[in-house]
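Note that the structure is a prediction, hence the values are computed from the model and not measured. For reference, positions follow the sequence shown, starting with 1.
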Amino acid sequence: CNLRCIYCNPKGNYNPRLNHHDILSYEEILHIVKIFIKMGIKKIRITGGEPFLRKDLFELAEYANECGVKPTLSTNGTLITKEKAKKIKAIVFDVDGVLTDGGIIYDNSGMEIKRFNVKDGQIISHLKRFGFVVGAITGRESDVVKNRCIELKLDFHKHGVKDKLV
C-alpha cells in the first residue's frame with residue numbers, strides 16, 4: 001500500500017513494504033481466478049494494499065468479468081489518475097469510516113449522532129458532474145445516514161445490507 005492508515009492496519013501493525021517478488025504475479029492471479037470459477041465463485045474483491053499500484057489492475061478486472069466473475073475493488077483512491085478514472089463507471093462506498101470517522105454517538109435519549117465532513121459532499125458533487133454513478137451501501141439502518149445520502153444526492157443508497165457485494 002502507498003499509505004499507512006488504520007483501514008489496513010487497525011491495530012497499528014504496520015507491515016514493512018513488500019518486495020516485488022512477494023506480490024502475486026499477473027499469471028498467479030489469473031490462475032486463482034480460474035480456480036474460483038471452477039468453485040462457482042461469482043464475485044471477487046481486489047484489494048491489497050492498494051490495487052492501483054498494480055499496472056495490470058484493469059486487465060485483471062476485465063479478465064475476471066469476461067469469465068463471469070464480478071470484480072469489485074477497495075481503494076484509498078489516491079492513485080486514480082484521469083486516465084484510470086475514464087475506465088471507472090461507478091464509485092460505491094460504505095458509510096462508516098468513509099463518510100464518517102466510524103464513530104457512533106448516542107445522546108441521553110438514544111438519538112444517534114454522526115459527524116460528516118463537508119469535503120465528502122464536495123468530492124461527490126465533482127464525481128457526479130463528471131458522470132460517475134455514486135452510491136453508498138451500509139450495514140446499518142440509520143435515519144441520520146439516510147438523510148445525509150439524500151442531501152448528497154447519491155444515485156442510490158442501500159441500508160441494512162449484510163452482504164455488500166451482492
Side-chain angles (χ1 to χ4, degrees), residues 1-10 13-102 116-117 119-139 145 148-149 152-159 161-166:
C1 184
N2 60 326
L3 300 178
R4 294 287 190 251
C5 65
I6 61 169
Y7 179 77
C8 293
N9 298 289
N13 298 330
Y14 299 112
N15 297 320
R17 296 196 188 275
L18 296 173
N19 293 316
H20 186 72
H21 68 273
D22 293 325
I23 298 170
L24 290 174
S25 69
Y26 179 80
E27 292 75 19
E28 290 169 323
I29 294 174
L30 292 184
H31 181 71
I32 291 168
V33 170
K34 289 175 186 174
I35 292 170
F36 286 166
I37 292 165
K38 288 180 184 176
M39 294 172 63
I41 292 172
K42 299 290 183 192
K43 299 176 283 188
I44 61 169
R45 177 174 292 176
I46 302 169
T47 186
E50 171 51 45
F52 280 100
L53 285 169
R54 294 194 70 95
K55 292 178 178 147
D56 55 11
L57 174 64
F58 288 106
E59 291 81 7
L60 290 168
E62 187 175 315
Y63 175 80
N65 194 48
E66 288 171 358
C67 293
V69 177
K70 179 182 173 183
T72 61
L73 65 95
S74 296
T75 176
N76 60 39
T78 60
L79 300 176
I80 300 175
T81 63
K82 286 182 182 180
E83 281 302 309
K84 291 175 183 175
K86 290 177 186 176
K87 298 179 182 183
I88 299 171
K89 296 177 184 175
I91 309 262
V92 183
F93 48 83
D94 192 351
V95 173
D96 293 327
V98 179
L99 288 182
T100 73
D101 62 5
F116 299 97
N117 191 319
K119 292 178 184 176
D120 295 328
Q122 293 169 344
I123 191 65
I124 288 169
S125 66
H126 287 299
L127 290 168
K128 290 178 65 58
R129 189 170 38 249
F130 288 113
F132 287 97
V133 172
V134 182
I137 302 173
T138 182
V145 171
R148 181 65 172 154
C149 290
L152 293 173
K153 297 180 176 78
L154 298 183
D155 295 300
F156 67 91
H157 46 98
K158 305 290 182 185
H159 306 265
V161 176
K162 300 305 173 207
D163 183 357
K164 297 176 186 177
L165 289 178
V166 174

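Rounded to the nearest 0.5 angstrom, K86 NZ and F58 CZ are separated by 12.0 Å. Between atom CG of residue D120 and atom CZ of residue F93 there is a gap of 7.5 Å, rounded to the nearest 0.5 Å. The distance from the SG atom of C149 to the CD1 atom of I124 is 8.0 Å, given to the nearest 0.5 Å. Put simply, OG1 on T75 and CD1 on I80 are 5.0 Å apart, with the number rounded to the nearest 0.5 Å. Separation of atoms CG (L127) and CD1 (I91) is listed at 5.0 Å; rounding is to 0.5 Å.
Residue pairs satisfying the salt bridge (Lys or Arg N to Asp or Glu O under 4.0 Å) criterion with at least one member in residues 25-40, sequence neighbours excluded, are absent. Listed by first and then second residue, the side chain to side chain donor-acceptor pair (under 3.5 Å) pairs involving residues 56-68 are R54-D56 (not counting sequence neighbours). Screening residues 127-136 for salt bridge (Lys or Arg N to Asp or Glu O under 4.0 Å) gives K128-D155 as the qualifying pairs, with residues at least two apart or on separate chains.
You'll find the side chain of L73 reaches within 4.5 Å of the side chain of F52, heavy atoms only. Using a 4.5 Å heavy-atom cutoff, the side chains of T72 and V92 are not in contact. Using a 4.5 Å cut-off on side-chain heavy atoms (C-beta onward), L60 and L30 make contact. Residues I32 and L24 form a side-chain contact, since some pair of their non-hydrogen atoms from C-beta on lies under 4.5 Å apart.
Side-chain N or O atoms of K43 include none that pairs as donor or acceptor with a backbone N or O of V69 at under 3.5 Å.
When the salt bridge (Lys or Arg N to Asp or Glu O under 4.0 Å) test is applied to K55, no partner is found at least two apart in sequence or on another chain. Residues satisfying the ring-ring contact (aromatic ring centres under 6.0 Å, His included) criterion with H126, sequence neighbours excluded, are absent altogether. Applying the side chain to side chain contact (heavy atoms under 4.5 Å, CB included) criterion to H31, with sequence neighbours excluded, gives I35.
Summarising the geometry of A61 relative to P71, their closest heavy-atom pair is O-CG, 3.4 Å, with the distance given to 0.1 Å. Across all their heavy atoms, V95 and A136 have their closest contact at CG2-CB, 4.2 Å. Nearest heavy-atom pair across L154 and G135 is CD1-C, 4.4 Å. Minimum heavy-atom separation, F156 to I137: CE1-CG1, 4.3 Å. Between G121 and R148, the closest heavy-atom pair is N-NH2, 3.9 Å. Minimum interatomic distance between P51 and I46 (heavy atoms only, all atoms of both residues): CG-O, 3.6 Å.
Counting heavy atoms of neighbouring residues, nucleotides and ligands inside a 6.0 Å radius, atom NZ of K158 does not exceed 12 of them.
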